[in-house]
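Lettering of chains follows the sequences in order, A, B, ..., and the numbering in each one begins at 1. Computed over heavy atoms, backbone and side chain alike; hydrogens, waters and symmetry mates excluded.
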Amino acid sequence: MRQPISTALSVGDALAGWPPPVLDPAGPYAGSVVMLSWLLFAMAALVVAVVLAALWIALFGSERTKHKLGGPWLVWTGGVAFPIVVLTGLLVWGLALTSNLTAPLRGDEMRVRVTGEMWWWRIAYLDGSGSPVLHDANELHIPVGRPIVLELEAADVIHSFWVPRLSGKLDMIPGRTTIMRIQADEPGMYGGQCAEYCGGPHALMGFVVVAHPAERFAALMAARRTPAARPPANADAARGAGLFRTTGCAACHRIAGTDATGLAGPDLTHVASRLTLGAGILPNNRGTLIGWTGNSQAIKPGNRMPAYSTLPAADLRAIAAYLETLR
Amino acid sequence: MSPETSFDPALYGRFPTSGDRPAGELAELERAWRVPSGWARLTAVNNNYVGLWYVATAFLFFLLAGVLALVMRVQLALPLQGVLPQETYNQFFTMHGTLMMFLFAVPMVEALGVVLLPQMLAARDLPFPRLSAYAFWAYFVGGLCFFASLFFGLAPDGGWFMYPPLTSTAFSPGINADFWLLGIGFIEISAIAGAIEIIVGVLRTRAPGMTLARMPIFAWGMLVFAAMIVVAFPSVILGTLLLELERALNWPFFDPTRGGDPLLWQHLFWFFGHPEVYIIFLPASALVSMMVSTLARTRLVGHDLIVLAFLATGFISFGVWAHHMFATGMPMLSVGFFSAASMAVSVPAGIQVFAWIATLAIGKPVFNTPTLFVVGGLFTFVLGGVTGVMVAMVPFNWQVHDTHFIVAHLHYVLIGGMVFPMFATFYHWSGMTSRRALSERMGKWVFWLMFAGMQVIFLPMHLTGLMGMPRRVYTYLPGRDLEVTNMISTAGAFVFAMGVLLFLVDLARNFRFSIDDNAGNVYGAGTLEWLPTGTYSTRSIPIVTSLYPLWDDANLAEKVEQGRYFLPGAAHGRRETLITSPLRAEPEYVQTMPGPSAWPLLAAIFTAGFFLILTVQAYAAAIASGILAVIALLRWLWQTDRPVHPGHVDVGAGIMLPTYVTGPRSHGWWAMIILLIVIGMMLLMGTFSFLYLYGVHPQFWRPGPPAGWLPPILMGYLLAAGLAVFGRALLARKRSTLWSPASAMMFAGAILTAVFLVDLSSWRASGLTGEASGQGAIVHMFLALQGMLVAIAAVMIVYLAFRNARGLVTRPRNNSFDLVTLFTGYTGLQGAAITLLTRLVPGAA
Amino acid sequence: MRAWLYLLGGMLIWAIDFFALYIVASVFHTSGTARLITLAVTLLCLCAAAWLARSAWRRAGAAPNPFGRWTHKLAAWTAAAASVAIVWQGLPALLI
């Protein structure tokens with residue numbers, strides 16, 4: 001069943017750098033920071049302008065002006081009084097905003113556990129008591145207009161979860177759980193990337209957050225919670241299902257409702273409905289499925305999935321056909 | 001003026017002396033300070049030579065790290081480029097940062113201090129010339145070998161701050177990370193040695209009359225720089241020790257599954273890492289302050305405010321470290337404190353900027369190359385400073401942390417605050433060390449290429465960060481609009497590189513090293529380093545009565561050259577300088593300084609060898625190299641601390657000063673105290689680590705050995721410390737025999753060793769191993785540290801016994817004895833502290 | 001030694017203030033207890049630094065020689081700078 005997702009934006013837009021995502025917020029946790037950002041830019045511009053003006057006069061001004069400018073008064077005013085005033089104002093604003101952004105929530109918000117792995121994202125939607133009810137990878141679905149609490153963990157090394165249009169970043173540190181909030185006020189797709197160097201292909205560890213209107217989100221979650229055991233659509237896919245087991249895919253990848261229960265790699269139960277492959281780096285289509293399965297090392301060197309380049313092309317096509325049935 | 005010492009300031013009235021100096025006096029001075037020729041020149045210890053080699057080596061690392069950056073920029077010009085494979089790129093950016101921060105920036109400002117400071121203070125040399133030589137050669141050999149790891153694909157690849165668990169054995173199985181950890185080790189030794197030199201040099205070897213109020217601003221900058229090194233470097237020394245122990249012995253300091261914590265590394269690293277950038281900036285800004293006043297041909301406006309700025313920065317920069325960790329989930333109140341301190345630390349920088357502008361305004365600046373670099377640096381630094389204030393604001397930080405915005409910020413402050421001032425320094429002071437000054441014409445081209453290139457690289461980079469590109473990425477995906485800004489940055493990199501290349505051409509064409517025949521005071525500066533010099537520095541050491549002696553006394557140079565002040569010759573035929581008091585620079589005694597020697601060079605080679613061979617895990621060879629290093633060290637020390645005859649000499653105008661001083665006024669005592677502060681800081685950071693791990697994962701902690709062990713161990717350590725002090729007291733007593741003091745020391749050493757072994761075995765018996773948990777790791781780390789100190793104390797005591805046997809231990813007081821007493825006493829006290837701490841938490845059994 | 005302690009007195013007070021606050025926040029996290037202790041420590045250190053600044057300034061005016069004047073002046077300035085830093089250091093207790 002196709003998941004209806006807003007088509008106003010494409011994945012490309014989610015990853016676009018223009019307008020700069022940090023200055024193009026789509027929710028309150030990023031939005032309140034933008035105003036501070038513009039204030040800071042204004043402060044920076046003001047200070048640079050004052051310094052430049054003073055420097056200009058000092059170097060090229062007339063004798064009289066230079067003499068009026070030069071002297072200890074300039075150091076006391078420009079170097080002591082002016083910074084103290086400006087910085088006090090900024091500090092007060094900054095601390096108040098920090099407090100605001102981390103103010104306690106009601107406690108009944110939707111919670112998702114995201115675990116940073118080398119080099120992908122393990123996602124578990126949690127119920128009220130904190131137990132996982134749905135597993136996924138590399139793509140986070142949320143309802144629009146509500147704060148979502150993310151419990152961030154790390155399986156191996158330190159990673160960092162960052163989706164700039166929705167929030168600032170927070171590190172994922174082994175041995176700890178760090179808590180952040182995101183909220184999208186518009187339906188759409190929001191790109192993110194790991195922001196703490198985690199070795200190897202850290203540069204290619206991305207993800208997408210998809211925000212749905214409330215009813216669509218509820219429908220999506222309900223549909224996904226039902227086991228995805230459907231008979232394969234055609235013979236090729238059936239052959240692919242068999243190959244999935246015999247070539248060892250099931251050792252790392254889990255597909256709910258089958259006997260593939262591997263946890264080392266991303267959950268593939270709904271892989272066909274994902275917008276990207278390889279953790280935010282490839283579009284999801286037959287060609288990329290084959291290419292990734294056959295030789296992910298060529299695309300994302302050093303990642304934990306071995307290259308299956310010895311598999312004949314027909315087998316790769318069959319596996320891809322099977323994966324395409326997993327919506 | 002209330003005097004600090006017993007020196008009568010009225011004696012200054014005897015100077016300048018009149019009449020001709022005796023024949024042969026100058027020749028004697030030249031002979032004492034002669035530098036060996038040929039290959040033996042490598043054994044020279046004069047600060048002009050060591051300083052020059054130091055500057056050249058640091059500059060070489062700047063060039064090497066710059067080439068790495070150029071290749072990185074080529075890779076990032078377009079998306080998904082394969083100029084460098086992923087692993088190589090990861091090594092490149094790690095090495096770029098590590099080389100720049102550890103092998104270029106700190107050594108360069110240190111080196112400039114070595115070259116300029118003694119002359120600026122009218123001292124003949126730094127107080128421990130062989131120590132400088134040792135520090136330099138260790139850095140030279142070790143640094144080049146470390147760089148060479150790139151050619152074997154063994155360069156570290158964890159980023160210049162090497163966060164675990166990525167850099168733990170599990171995720172960095174090769175020896176690459178060990179190269180970083182052990183490679184940085186000897187840099188740390190060099191930095192500490194340099195810091196000791198600078199502190200003692202600035203506080204004890206100034207020209208008479210140069211009170212703190214009349215001390216050049218560069219001396220202030222270097223003093224605060226050195227004090228910061230003493231407080232900050234032990235943190236990274238401890239951190240690197242912990243990570244290396246984790247990698248080599250599996251002691252889980254940073255492994256949360258056994259009670260360690262990855263954030264412990266970050267705290268230890270950044271407690272060092274943030275002061276590190278001010279360690280780099282302060283001396284450079286101090287040089288700017290000196291140049292601004294010379295180039296504007298007027299006194300520096302706000303001199304005392306700048307002194308305040310240095311002192312304030314020196315302290316407050318130690319309170320901002322966790323602003324590198326805002327995104328790690330610390331308690332918000334804590335985060336707020338670090339944000340507040342980060343705002344505070346930016347005020348002193350602003351004071352300096354406006355002081356420079358005010359000085360330029362009041363003066364008549366000349367528009368030459370140094371001025372261009374100074375003004376260009378000022379502008380660039382201010383841009384970096386304002387983005388710094390921006391990232392001190394926590395919510396903004398959460399967006400731009402770990403993105404190219406930060407890369408832009410850090411390069412703005414470092415290039416504007418250190419690199420441009422460095423080039424200004426090269427052009428400004430080249431006349432002091434070269435026969436020909438560097439070219440003004442070429443210099444202007446060098447500046448504009450570098451300045452324009454720099455802005456083109458890093459201004460767009462702020463936008464790159466805001467567009468979502470993180471740091472330390474070997475590539476990026478197409479379709480993210482990142483191509484334009486990246487391409488612009490890469491173009492700028494080539495412009496910048498051309499500027500550097502042109503500088504090398506200028507250097508090759510014009511720089512000819514000379515001390516006697518140098519180009520002279522081309523900019524008409526007013527401070528003492530511009531006095532006519534030889535290898536002996538100045539012919540005589542003047543009395544200072546102002547901040548700008550050459551401006552306030554037009555004939556000073558001539559009078560100094562004629563020998564009309566202190567020490568116009570070699571008072572007792574050896575290398576000498578005046579030791580003066582810290583506050584008012586009143587003459588106290590004459591220090592006899594060592595001349596050229598091969599032992600520091602050999603000790604340095606074997607020290608570097610020890611660390612490097614350990615990295616490649618050839619343990620037998622490493623131990624051999626280490627033993628040879630210790631032997632070379634002891635042979636070097638054996639020649640020091642010899643009785644000097646006569647006991648008092650004429651330092652000029654009939655004033656007699658002692659030639660051998662012991663106790664708290666001696667420069668050796670000061671050096672040992674500073675070293676003990678370094679070790680004490682390691683103890684403090686170790687204590688922090690201990691309490692931190694306990695606080696984070698108390699469930700992994702268990703009670704220690706039975707409480708019955710504590711009193712005897714405690715008393716044993718205190719007894720050993722007491723015996724060391726007693727030994728020193730015995731030395732002063734007329735009736736004690738030749739061997740009583742030394743025996744007391746040997747008992748102290750034996751007790752130290754015994755008590756340490758008892759402490760160690762009590763922990764062994766309790767069943768706690770180093771690998772078991774965070775607690776096991778930390779306890780064994782403390783034991784390892786204490787064991788090292790006990791071993792060093794034992795070697796020192798045996799060395800002292802040999803000196804005693806040869807009759808080299810003078811009475812009633814002896815410097816070598818004093819230093820061994822200090823070290824042994826400290827070792828006893830540290831042992832007591834460690835044994836208490838490790839047993840009191842979580843609760844005595 | 002005493003001279004240095006005096007010269008750096010303001011900054012030493014700031015250091016004590018900062019590290020006390022850091023320890024409090026590390027042990028008590030962002031709680032009412034932490035905020036209260038923070039405000040108390042801030043007030044105490046602020047008074048100490050301000051007092052030092054004032055007394056050093058007075059001594060600078062009365063100093064008999066230029067070096068003495070310089071020393072007292074600098075001590076007063078560092079204490080004043082420390083006071084500003086201490087106030088900023090205390091703001092998180094009110095705002096966070």
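Contacts between B:Y474 and chain A at a heavy-atom distance below 4.5 Å involve backbone atoms as well as side-chain atoms. Neither the backbone nor the side chain of B:D255 comes within less than 4.5 Å of any heavy atom in chain A. Residue contact with chain A, scored on non-hydrogen atoms closer than 4.5 Å, is absent for B:T167.
For the pair B:S339/A:T98, no side-chain contact is recorded, criterion being any heavy-atom separation below 4.5 Å from C-beta on. A heavy-atom distance below 4.5 Å is not found between the side chains of B:T387 and A:L40. Looking at heavy atoms from C-beta onward, B:F379 lies out of side-chain contact with A:V51 at the 4.5 angstrom threshold. Put simply, the side chain of B:T403 reaches to within 4.5 Å of the side chain of A:K169, judged on heavy atoms. Counting heavy atoms from C-beta on, the side chains of A:R176 and B:P256 never come closer than 4.5 Å.
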(message) As a quick check of understanding, evaluate ring-ring contact (aromatic ring centres under 6.0 Å, His included) for A:F82 and B:F354, giving each step before the final call.
(response) CA-CA 11 Å; A:F82 173 56; B:F354 280 96; 7.2 Å; no
(request) In sequence, state the C-alpha distance, the side-chain angles, and the governing distance for B:N90 and A:Y197, and then conclude on side-chain hydrogen bond (donor to acceptor under 3.5 Å, both in side chains). (result) CA-CA 10 Å; B:N90 293 345; A:Y197 177 62; 3.2 Å; yes
(request) Decide yes or no on side-chain contact (heavy atoms from CB on, under 4.5 Å) for A:K66 and B:K364, but give the supporting numbers first. (result) CA-CA 10 Å; A:K66 272 161 54 95; B:K364 299 176 178 39; 5.8 Å; no
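Between B:F367 and A:F60, the angle of the ring planes stays under 30°, which puts this pair in the parallel group of the 30/60° scheme.
Closest approach of A:I158 to B:P165, counting heavy atoms only: CG1-CD, 3.9 Å. Counting all heavy atoms, side chain and backbone alike, B:R471 lies closest to A:H202 at O-NE2, 3.6 Å.
Of the possible donor and acceptor atoms, one in the side chain of B:Q86 sits under 3.5 Å from a partner among the backbone N and O of A:P301.
Within 6.0 Å of CH2 in A:W73 there are more than 12 heavy atoms belonging to other residues, nucleotides or ligands.
Once rounded to the nearest 0.5 Å, the distance linking CG of A:L90 with CE of B:M343 reads 5.0 Å.
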